[in-house]
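The sequence lines fix the lettering, A, B, ..., with proteins before strands; numbering per chain opens at 1.
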Amino acid sequence: MYELLENNQLYIVLTIILTIWFGFIGYLFRLERKIKKLEEKK
Amino acid sequence: MFEKLFLKISITIWLTIIIVVGFVFPIVDFPQHWYEFPLIPGLEDKARNIFFHVPMAWVTVVAFVMSMVYAIQYLKKRTSEYDIRSVAAAELGMLFCVLATVTGAIWAKFNWGTFWNWDPRQTSIFILLLIYAAYFALRSAIDEEQKKATLSAVYSIIAGVTVPFFIFVMPRMMKGLHPGSKGDSEGAGPVLEFKMAPNMLVIFFASLIGFTLLYWWMYSVSVRLKRLEEKV
């Protein structure tokens, strides 16, 4: 894995973009969980 | 309604362009066209990371400073609206801070050999993570809403004051691996010294603006949700 990234540096950039993407998706999951709680309360 | 929708579509298109451009524009030894990035020895294709990693750190600063400003407003006016805004900004600041740390660690592995080097900038962002982790620990430890809001507002102000020091001042006072550290032959870094190629600089600033606007969008959603939570 390390060698693959080392030899294809664009994949490192892709890894960084995907990290950010998953961070945002994680935040979206958290928001949705909160909304679900609110819906259950109502 | 239309204006907001227009803004959201614009942010989406804007950031999509940044990601595509940052990813596909070729890096060549001697750029001849506006769409070619110059080769930076030692960085090569990894130089593209600057369009994605640095905006994470930038938005962290924006969010934590916003949290501090709303905390001041809360202490002045004592309305829960400002507490909601302050905590929403701090939560997003934490998210972007984690993303800046993780993306930086990945980049560090391929440029400096290890994920973590205790470089001054890495150390300072780690301290910021600890400071804001304590902010959330403080909030969760207090049940009474008004007391929670007041104490966390005071803490947010103290924490917010340290942010510019840890992000902009301390890493420039000490020797380190990041550009712009003390003793760096490039001076204050490629951005502040305007040593970055003009086309890279444009995309870099466009990325800063794009991610800041995305943060604003996420922040608005978070504030609206917190208002609802308070009502229900």
Heavy-atom pairs under 4.5 Å with chain B: which of A:Leu31, A:Leu14, A:Ile20 has the most?
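Option with the top pair count is A:Ile20.
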Any B:Leu214 side-chain heavy atom under 4.5 Å of A:Phe24 side chain
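Side-chain contact under 4.5 Å: yes.
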Under a 4.5 Å cut-off applied to non-hydrogen side-chain atoms, are B:Leu225 and A:Leu38 in contact?
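Result yes, sub-4.5 Å side-chain heavy-atom pair found.
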For B:Val102 and A:Ile16, what are the C-alpha separation, side-chain angles and deciding distance, and is it a side chain to side chain contact (heavy atoms under 4.5 Å, CB included)?
CA-CA 8 Å; B:Val102 177; A:Ile16 282 176; over 6 Å; no
Does any heavy atom of chain B fall under 4.5 Å from the side chain of A:Leu28, the backbone, both, or neither of them?
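Neither part, no heavy atoms under 4.5 Å.
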A:Ile17, part contacting chain B, at a heavy-atom distance under 4.5 Å:
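Answer is side chain: those atoms of A:Ile17 sit under 4.5 Å from chain B.
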In terms of heavy-atom proximity below 4.5 Å to chain A, should [X] be classed as side chain, backbone, both, or neither?
{"X": "B:Met218", "result": "both"}
{"X": "B:Leu15", "result": "neither"}
{"X": "B:Phe51", "result": "neither"}
{"X": "B:Val221", "result": "side chain"}
{"X": "B:Leu228", "result": "both"}

Across chain A and chain B, what donor-acceptor pairs are shorter than 3.5 angstrom?
unit_1, atom_1, unit_2, atom_2, d
A:Gln9, OE1, B:Asp45, N, 3.1
A:Tyr27, OH, B:Ser222, OG, 3.4
A:Arg30, NH2, B:Glu91, OE2, 3.4

